[in-house]
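Working notes, structure below.
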Amino acid sequence: MTRLVDVLVIGGGQAGLAAGYYLRRAGADFAILDAQDHPGGAWRHAWPSLRLFSPAQYSSLPGRMMPTPPGGGYPSAADTVAYLTDYERRYDLPVIRPVKAHAVRRGDERLTVETDAGTWRARIVISATGTWWRPYVPHYPGIRDFQGEQLHTAGYRGPEPFRGRRVLIVGGANSAAQILAEVSTVADTTWATLRPPRLLPDDIDGRALFALATRRMRGGGGIGDLGDIVAVPPVREARDRGVLKAEPMFSRITPEGVSWPDGTGLACDVIIWCTGFRPALGHLAPLRLREPGGLIATEGTRAVGEPRLHLLGYGDWTGPASATLIGAARTARETVKDVVSQLA
Ligand code: FAD
């Protein structure tokens, strides 16, 4: 069966919902396809102790503020899932799930979207599929020979499985610091980073990161000179315990652990790769828009090589901090403005 719609949003996480809010307000004919059974996007899969790095009022989508969690503090992943679930219902957003888009192709006047539940044809497609679905692990010689356990941030659920073990945590950003903070309470940890990690001052949180991303987009500098890692309370506590000391990156993985170019080695039982994610753009492959770096050139969020396609929520390249709740919200407003003008 083929269905026609003016605007098809692929992905029903925070970015897709923010687009839906503005499309609804604009009176557009649209649908949102989401591959998951339930609302919440990537937040459904984050580890339970994860806390946002901004207060609720700075982590909200348009129209409805995220409630401050009972007892105060920054919201958890579960609070965020509850908020997105309520948001979708409150604005009666037309999310169809579970539907996974496999391929977006050029048709004559419309883009054709092939899914596991039939075909859609749309005048405009907004791709908002996030990054969680493409965990990135860098290649190191010997990686396949390691006899211990390896996992990525995406598979981390909490510190308990690592109790009493020797754990190497790799990566210099927020997830590494947060995971290290809690794993170090039950395990013997080592932290390896490409560059010396830099903690932001205690009074700077995600609000300032958003301002920084906006300034960078406009060609300015910002708090980037101060650091990269938000000092959320567990990270501060780990810093005060003295466990946030990082080693430079190793050059090789051995069956028992890792080794550095000067010949020193470290034995470990577990490697946790907190090495980030890449945009989930596989469904766009038939459009052949990817540049050598793997990203798609955009003007605003519109793909330069296919103006009927918008990319929303993947990172700064698709809008200032657009892979955060507040950034996705602001970018979605501009995207829908552009989409409405295209439809007209
Ligand atoms: P997602 O949440 O991934 O949603 C995309 C949706 O699209 C999913 O439901 C997925 O199933 C679906 N989908 C994917 N492919 C297809 C397809 N082919 N067809 C149909 N559906 C598809 N941000 C903050 O604002 N504050 C924070 O404190 C914060 N902390 C973070 C901590 C960690 C560890 C991580 C990883 C991220 C954090 N972020 C934070 C960043 C950000 O908010 C999330 O990455 C966010 O989930 C991105 O939302 P999204 O809607 O773009 O993508």
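We count ligands from 1, going down the list as the structure has it; atoms in each ligand are counted the same way.
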Under 3.5 Å side-chain donor-acceptor pair for Arg278 and Thr131
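No, Thr131 and Arg278 have no side-chain donor paired with an acceptor closer than 3.5 Å.
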
Taking atom types as modelled, is there a side-chain donor on Asp79 or Ser76 under 3.5 Å from an acceptor on the other?
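Asp79 vs Ser76: donor-acceptor pair found between side chains.
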
Does Arg157 qualify as a cation-pi partner of Trp47, given the criterion of NZ or CZ under 6.0 Å from the six-membered ring centre and within 45 degrees of its axis?
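Arg157 over Trp47 ring: no.
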
Non-neighbouring partners of Gln150 that pass side chain to side chain donor-acceptor pair (under 3.5 Å), sequence neighbours left out:
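For Gln150, the residues satisfying side chain to side chain donor-acceptor pair (under 3.5 Å) (neighbours in sequence not counted) are Trp273.
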
Which residues share a side chain to side chain donor-acceptor pair (under 3.5 Å) with Ser127, sequence neighbours left out
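Side chain to side chain donor-acceptor pair (under 3.5 Å) check on Ser127 returns His283, Tyr314.
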
If you count only heavy atoms, which residues are under 4.0 Å from ligand 1?
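Residues Ile10, Gly11, Gly12, Gly13, Gln14, Ala15, Leu33, Asp34, Ala35, Gln36, Gly41, Ala42, Trp43, Trp47, Leu52, Phe53, Val99, Lys100, Ala101, Ala128, Thr129, Gly130, Trp132, Trp133, Phe277, Gly313, Ala323, Thr324, Leu325 each place a heavy atom under 4.0 Å from ligand 1, listed by chain and number.
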
Please identify each residue that fulfils ring-ring contact (aromatic ring centres under 6.0 Å, His included) with Tyr136, with sequence neighbours left out.
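Tyr136 satisfies ring-ring contact (aromatic ring centres under 6.0 Å, His included) with no other residue.
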
